[in-house]
> 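Starting off with a structure, shown below.
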Amino acid sequence: MRKLSLILFLSLFGFQLYGQVVNLGDAELATKIKKSTKPYKVVYILCDYCEPSLVLYPQIYKLLSGRKDVDFYPICAQSSAEVEAYMESHKVGGPIYVVNQNRKRKWYAIIDFYNPISAASDYLTKFLGIDADKMGASSFVVLNEKNKVIAQTTYETEDNSCLNILKKAIR
């Protein structure tokens, strides 16, 4: 209740509120996606420093907003703070689901570079059983109500054809 009051207060005084970072936990998010009965579920890998993500995410969000037959799950394996900063600086809306937040941080992290893009695609493979081997930032998968893959992009997919693939999949 207090969170709703704060949101109403901020919006009354002209503060623009954009998206929301959601951390349900990896398994809980997978359960939410699998249990969705919508005809289409779009799971999109987002990364705030990837140029195609910066261009494509707002377009996909706009395309899917208001569609009652689609559940949209943009996922990001970066920290919640990084995702919040991205949403505020780029004025993007909707929830963005953060995954792999409980990863172990190694003391030699300077040497062992953490790659949030591969961490997000690993999430798709481990928790949703999707072959995400060639998926990268700005890739997505479209599932039907039975969680069968009906469309998928990879890092090899031309950026300008991603929206067409999505439009065809969710007719």
Side-chain angles (χ1 to χ4, degrees), residues 19 21-67 69-80 82-83 85-87 89-90 92-104 112-171:
V21 176
V22 180
N23 185 359
L24 299 176
D26 294 353
E28 291 83 3
L29 177 58
T31 299
K32 179 180 174 106
I33 294 169
K34 289 176 184 176
K35 285 188 173 182
S36 169
T37 58
K38 298 267 177 104
Y40 306 106
K41 298 172 256 189
V42 178
V43 183
Y44 175 78
I45 298 176
L46 177 70
C47 185
D48 78 346
Y49 57 81
C50 172
E51 187 65 32
S53 278
L54 296 175
V55 173
L56 193 58
Y57 173 75
Q59 293 175 17
I60 290 177
Y61 177 77
K62 184 177 177 182
L63 175 69
L64 299 178
S65 290
R67 295 267 320 233
D69 58 341
V70 178
D71 272 339
F72 182 40
Y73 301 97
I75 64 169
C76 185
Q78 293 173 262
S79 72
S80 295
E82 289 173 301
V83 176
Y86 161 76
M87 294 173 86
S89 67
H90 289 84
V92 296
I96 294 179
Y97 297 89
V98 291
V99 295
N100 204 14
Q101 296 295 293
N102 295 325
R103 65 188 178 270
K104 293 181 182 168
D112 186 26
F113 176 71
Y114 174 73
N115 184 345
I117 298 168
S118 64
S121 61
D122 290 348
Y123 169 83
L124 293 176
T125 301
K126 180 178 179 183
F127 288 96
L128 296 175
I130 295 167
D131 180 7
D133 206 28
K134 288 188 171 187
M135 290 182 74
S138 202
S139 297
F140 61 82
V141 62
V142 180
L143 307 169
N144 67 11
E145 68 278 352
K146 295 181 182 177
N147 298 311
K148 180 182 175 213
V149 175
I150 57 174
Q152 184 173 359
T153 61
T154 69
Y155 57 74
E156 296 172 334
T157 306
E158 294 291 326
D159 293 343
N160 58 359
S161 53
C162 288
L163 278 178
N164 289 333
I165 292 169
L166 182 57
K167 288 175 184 176
K168 283 182 183 178
I170 63 168
R171 295 175 219 172

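What you see is a predicted model; the values in this text were computed from it and never measured.
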> Please walk me through it: do Thr31 and Glu28 pass side chain to side chain donor-acceptor pair (under 3.5 Å)?
CA-CA 5 Å; Thr31 299; Glu28 291 83 3; over 6 Å; no

> Would you say Glu82's side chain and Ser79's backbone share a donor-acceptor pair under 3.5 angstrom?
yes

> Let's go through Leu29 and Ile75 carefully: what are the C-alpha distance in whole Å and the side-chain angles of both, what is the deciding distance for side chain to side chain contact (heavy atoms under 4.5 Å, CB included) to 0.1 Å, and is it a yes or a no?
CA-CA 10 Å; Leu29 177 58; Ile75 64 169; 3.9 Å; yes

> Whether Lys38 and Glu145 form a salt bridge (side-chain N of Lys/Arg under 4.0 Å from carboxylate O of Asp/Glu) is what I want to check.
no

> Looking at Val42, Val149, Val43, which hits side-chain contact (heavy atoms from CB on, under 4.5 Å) with Val142?
Val42

> Between Lys35, Lys41, Lys34, which is the residue that forms a side-chain hydrogen bond (donor to acceptor under 3.5 Å, both in side chains) with Asn147?
Lys41

> Let me confirm one number: the CG-CG distance from Leu166 to Leu64, rounded to the nearest 0.5 Å.
5.5 Å

> Is it true that atom CG of Asp133 has more than 12 heavy atoms of other residues, nucleotides or ligands lying nearer than 6.0 Å?
no

> Does either side chain, that of Tyr44 or that of Ser138, offer a donor lying less than 3.5 Å from an acceptor on the other one?
yes

> If you round to the nearest 0.5 Å, how far is CZ of Phe140 from CE of Met135?
8.5 Å

> Evaluate Leu128 against Ile33 for side chain to side chain contact (heavy atoms under 4.5 Å, CB included), listing each step before the verdict.
CA-CA 8 Å; Leu128 296 175; Ile33 294 169; 4.0 Å; yes

> Could you walk me through whether Tyr40 and Ile150 pass the side chain to side chain contact (heavy atoms under 4.5 Å, CB included) test, one step at a time?
CA-CA 9 Å; Tyr40 306 106; Ile150 57 174; 3.7 Å; yes

> For Tyr97 versus Phe72, what's the shortest heavy-atom pair and its separation?
CE1-O, 4.1 Å

> Under a plain distance cut-off of 3.5 Å, with no hydrogens placed, do Ser161 and Glu158 share a side-chain donor-acceptor pair?
no

> Does the side chain of Val22 reach to within under 4.5 Å of the side chain of Ile96, using non-hydrogen atoms?
no

> Taking all non-hydrogen atoms of both residues into account, name the closest pair between Thr157 and Cys162 and its distance.
CG2-SG, 3.9 Å

